[in-house]
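Only one structure is covered here, and it is reproduced in the block below.
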Amino acid sequence: MKYKTNLLALLLALLMTLSFAGCLVPEETQATDVAPENLQPTASAEAASYDPEAVAAELGTIRITAMDLENVFDSYIDMFSYSGSVDDSIVEQCRDMSLQYLIEYYMPLWKADQLGVKLSAEEEAEVETETAARLDEERDALICQFAYYGGATEDYVEDVAQLTEEQVESALSMINEQLALIFHEGYTFDQYLLYERENIGTEIRAERLTEKLRAQSEADFAVSDEQVEAWYADTLAAQQESFDDDPEAYLDQVEAFEAGETKYPALYVPEGVLRVQIIRIAPENDRDIKIDANRTEMAKLEQEYGKLALNGENEERLQTIATEYAALKAENDALEEAYSGEARRSIAKAYEALEEETPFEDVMKQYNADSSTADTLILAEDDPVYGELSGFAAELLPGTYSEPIPVDDVYYIVKRIETLPAGAVDCASIAEAIQAAAADDVKEEAWEALMEEWNAEAAAAVVRHEDVIAAVGKEYLGY
């Protein structure tokens, strides 16, 4: 159960508090001599004047205990405490919110029981397997945490198998001490893990039953043409506003849809989107860092030479600069040839093939590193990926291609296919995608409405035990 992680968070929080107070750090870094057993217990431990297993509420056969309620209550009250003082009305509000949270959490189990929806034997076995795995993960994480912060290990390890038997025993002893502070004297890690096993199993079972309830319910969710049309109109309007404001968002939408990362197709095209084909050839060798260093030095020499030549002075220095510059240029030419010479010659051959009327797709396939012949969508201005290359593409006529273009040591030839018509995309071309996305959203809305209806039914059906509920959080009122 998601709220149950509050127990783990509380345990770790106390661990960290004690550690920073110097109680759980290695001796050489200890900041205080206060022992853990002398620290004040938490409010929840002090206020445990009621039976934590007492039933606070009943939803069908489901029993919500005082401890269940308090675990959620503590999270809510902490949230309010950060924003100011806590009074009687806040405590009552947190109780109500906590109980409502638990009712909604358990609702799928209750509703599944009402409708006769059950997990198969195989599915129950899967729940048990996942529960055991998650419980082991939580157990090992706590042991590793306490081994480190308790001083049993100098370095933090993530695998409990790396700890010695003595280190594990030290961690377990410290865990039991802290659990006694949180709950009550004698409360052990084994008890905590049994409690967590039940909580984790309930959470996983609720998730599985929710999936079954949804699958069963969706069979009755009909999607009308009117709903699809309404979805289309709303989505088109939202995309038009978004893409006109930020054309890059259109490119992201198209890319995400084609990659299967979103179910929503692009329904609208903003101004200035070009469809192009690109031949891209990049150097295969590593760039020598001396290339940029030499260029920087050459720029300095050019500046110095210009000043001296302008004033007509120091001919000897001018000659020295010219010699140094020539040596640097010769070295850089050789380095750049080694780095990008092959790429430059390849792009020249690709261009020559195009001039000989070889189909652009064939040249793309031959020279692109991934042999891609796919079209690319770019923005005519400020394309986020191709930058200045988009400016060259925008100047081309449809069906024509550029000369080789060097951009940041990469060589390109770009062919402009077309400018996409701005406005709404032809529905016929994406009819299936529209229908699928609309149906998913309509069904999602129907499912959310059904969940709200079931939550209301559960809230009405719950039996409250007011005396137990009222005992939770009393310490915040100073009773």
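Just so it is clear, the model here is predicted, and its values are computed rather than measured.
Side chain of D246 to backbone of S242: no donor-acceptor contact under 3.5 angstrom is found. With hydrogens and angles disregarded, no donor-acceptor distance shorter than 3.5 Å links the side chain of D113 to the backbone of L109. S340 places a side-chain N or O within donor-acceptor distance of the main-chain N or O of E336, the cut-off being under 3.5 Å. The backbone N or O of R280 sits less than 3.5 Å from a side-chain atom of N368, completing a donor-acceptor pair. Side-chain atoms of D245 never come within 3.5 Å of backbone atoms of E241 as a donor-acceptor pair (strictly under, hydrogens ignored). No side-chain donor-acceptor contact under 3.5 Å links D288 to the backbone of L335. Between the side chain of R416 and the backbone N or O of L396, at least one donor-acceptor pair lies under 3.5 Å. In terms of modelled atom types and a separation under 3.5 Å, the side chain of E123 and the main chain of S120 share a donor-acceptor contact. Formation of a donor-acceptor pair under 3.5 Å by the S402 side chain with backbone atoms of V414 is found in this model. In this structure, the side chain of S390 does not engage the main chain of I378 through any donor-acceptor pair within 3.5 Å.
Just one residue in the list E124, E130, E126 forms a salt bridge (Lys or Arg N to Asp or Glu O under 4.0 Å) with R208, and that residue is E130. With Y192 as reference, E138 is the one residue of R139, R197, E138 to meet the side-chain hydrogen bond (donor to acceptor under 3.5 Å, both in side chains) rule.
When side chains are defined from C-beta on, Y156 counts as touching Q145, because their heavy atoms get closer than 4.5 Å. Annotation: side chain of N332 is not in contact with side chain of K290 (no heavy-atom distance under 4.5 Å). For the pair Q277/I417, a side-chain contact is recorded, criterion being any heavy-atom separation below 4.5 Å from C-beta on. In this structure, I175 and L142 have side chains that are in contact, with non-hydrogen atoms separated by less than 4.5 Å. Side-chain contact between M79 and S75 is absent, with no heavy atoms from C-beta onward closer than 4.5 Å. Contact check for L69 versus I469: side-chain heavy atoms found under the 4.5 Å cut-off. With contacts defined as side-chain heavy-atom distances shorter than 4.5 Å, the pair E70/M67 does not qualify. Side chains of L377 and E255 form no contact here, defined as non-hydrogen atoms less than 4.5 Å apart.
Here the straight-line distance linking atom CD of E104 with atom CG of L102 works out to 10.0 Å at 0.5 Å rounding. Taking OH of Y101 as the start and SG of C94 as the end, the distance is 14.5 Å to the nearest 0.5 Å. With rounding to the nearest 0.5 Å, the separation of OG in S81 from OH in Y76 is 14.5 Å. Taken to the nearest 0.5 Å, the CG atom of L301 stands 8.5 Å off from the OH atom of Y325. Annotation: the span from L354 atom CG to M364 atom CE amounts to 10.5 Å, rounded to 0.5 Å. Atoms CE and CD, on M298 and E331 in that order, are 10.0 Å from each other to the nearest 0.5 Å.
Between E337 and R344 there is a salt bridge, with a side-chain nitrogen of the basic residue lying less than 4.0 Å from a carboxylate oxygen of the acidic one. R134 and E196 are not joined by a salt bridge, as no carboxylate oxygen comes within less than 4.0 angstrom of a charged side-chain nitrogen. Taking a cutoff of 4.0 Å between a charged side-chain nitrogen and a carboxylate oxygen, R214 and E211 do not qualify as a salt bridge. At a threshold of 4.0 Å, the pair K443-E218 does not count as salt-bridged, since none of the basic side-chain nitrogens sits closer than that to a carboxylate oxygen.
The two residues F360 and I278 have their closest heavy-atom pair at CE2-N, 4.2 Å. Scanning all heavy atoms of the two residues, the minimum distance from F80 to Q93 falls at CZ-NE2, 3.7 Å. The shortest non-hydrogen separation linking A57 to L99 is CB-CD1, 3.7 Å. A pairwise comparison of heavy atoms in P421 and V269 identifies O-CB, 3.6 Å as the closest pair. Residues T373 and E361 share a closest heavy-atom pair of CG2-O, 3.4 Å. Across all non-hydrogen atoms, the minimal contact from D159 to C144 is C-SG, 3.9 Å.
In E418, the CD atom is crowded: over 12 heavy atoms of neighbouring residues, nucleotides or ligands sit closer than 6.0 Å. With a 6.0 Å radius and a threshold of 12 heavy atoms from other residues, nucleotides or ligands, K300 has its NZ atom at or below the threshold. Around atom CD of E158, no more than 12 heavy atoms belonging to other residues, nucleotides or ligands sit under 6.0 Å away. Heavy atoms of other residues, nucleotides or ligands lying less than 6.0 angstrom from CD of E284 number 12 at most. The neighbour count for E198 CD, taken as heavy atoms of other residues, nucleotides or ligands under 6.0 Å away, does not exceed 12. Counting non-hydrogen atoms of other residues, nucleotides and ligands closer than 6.0 Å to CD of E122 gives a total of 12 or fewer. With a 6.0 Å radius and a threshold of 12 heavy atoms from other residues, nucleotides or ligands, E271 has its CD atom at or below the threshold. In the displayed structure, D408 atom CG is contacted under 6.0 Å by at most 12 heavy atoms of other residues, nucleotides or ligands.
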**Message:** Before you tell me yes or no, could you show the steps for Q253 and F243 under side-chain contact (heavy atoms from CB on, under 4.5 Å), namely the whole-Å CA-CA distance, both residues' side-chain angles and the distance that decides it to 0.1 Å?
**Reply:** CA-CA 9 Å; Q253 189 73 33; F243 297 165; 3.8 Å; yes
**Message:** Checking V273 against T419 for the side-chain contact (heavy atoms from CB on, under 4.5 Å) test, could you report, in this order, the C-alpha distance in whole Å, the side-chain angles of both residues, the deciding distance, and whether it holds?
**Reply:** CA-CA 6 Å; V273 179; T419 300; over 6 Å; no
**Prompt:** Passes side chain to side chain donor-acceptor pair (under 3.5 Å), T65 versus D68? Steps please.
**Reply:** CA-CA 5 Å; T65 67; D68 294 334; 3.1 Å; yes
**Asked** Passes salt bridge (charged side-chain N to carboxylate O under 4.0 Å, His left out), E207 versus K212? Steps please.
**Response** CA-CA 9 Å; E207 291 171 354; K212 280 181 167 285; over 6 Å; no
**Item:** Derivation of the side-chain contact (heavy atoms from CB on, under 4.5 Å) call for F257 and K263
**Value:** CA-CA 6 Å; F257 180 73; K263 63 185 178 184; 5.8 Å; no
**Request:** Apply the test side-chain contact (heavy atoms from CB on, under 4.5 Å) to residues V462 and R464: give CA-CA distance (whole Å), side-chain angles for both, the deciding distance (0.1 Å), then the verdict.
**Result:** CA-CA 6 Å; V462 75; R464 298 166 57 106; 4.3 Å; yes
**Prompt:** Under the salt bridge (charged side-chain N to carboxylate O under 4.0 Å, His left out) criterion, do R205 and E128 qualify, and how do the steps go?
**Reply:** CA-CA 9 Å; R205 190 168 286 104; E128 291 300 321; 3.6 Å; yes
**Residues E352, K349; criterion salt bridge (charged side-chain N to carboxylate O under 4.0 Å, His left out); working and verdict** = CA-CA 5 Å; E352 182 180 348; K349 291 178 181 178; over 6 Å; no
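By the 30° and 60° cut-offs, the orientation of the rings of W231 relative to Y264 is parallel.
A donor atom on one side chain and an acceptor atom on the other are found under 3.5 Å apart for D244 and Y268.
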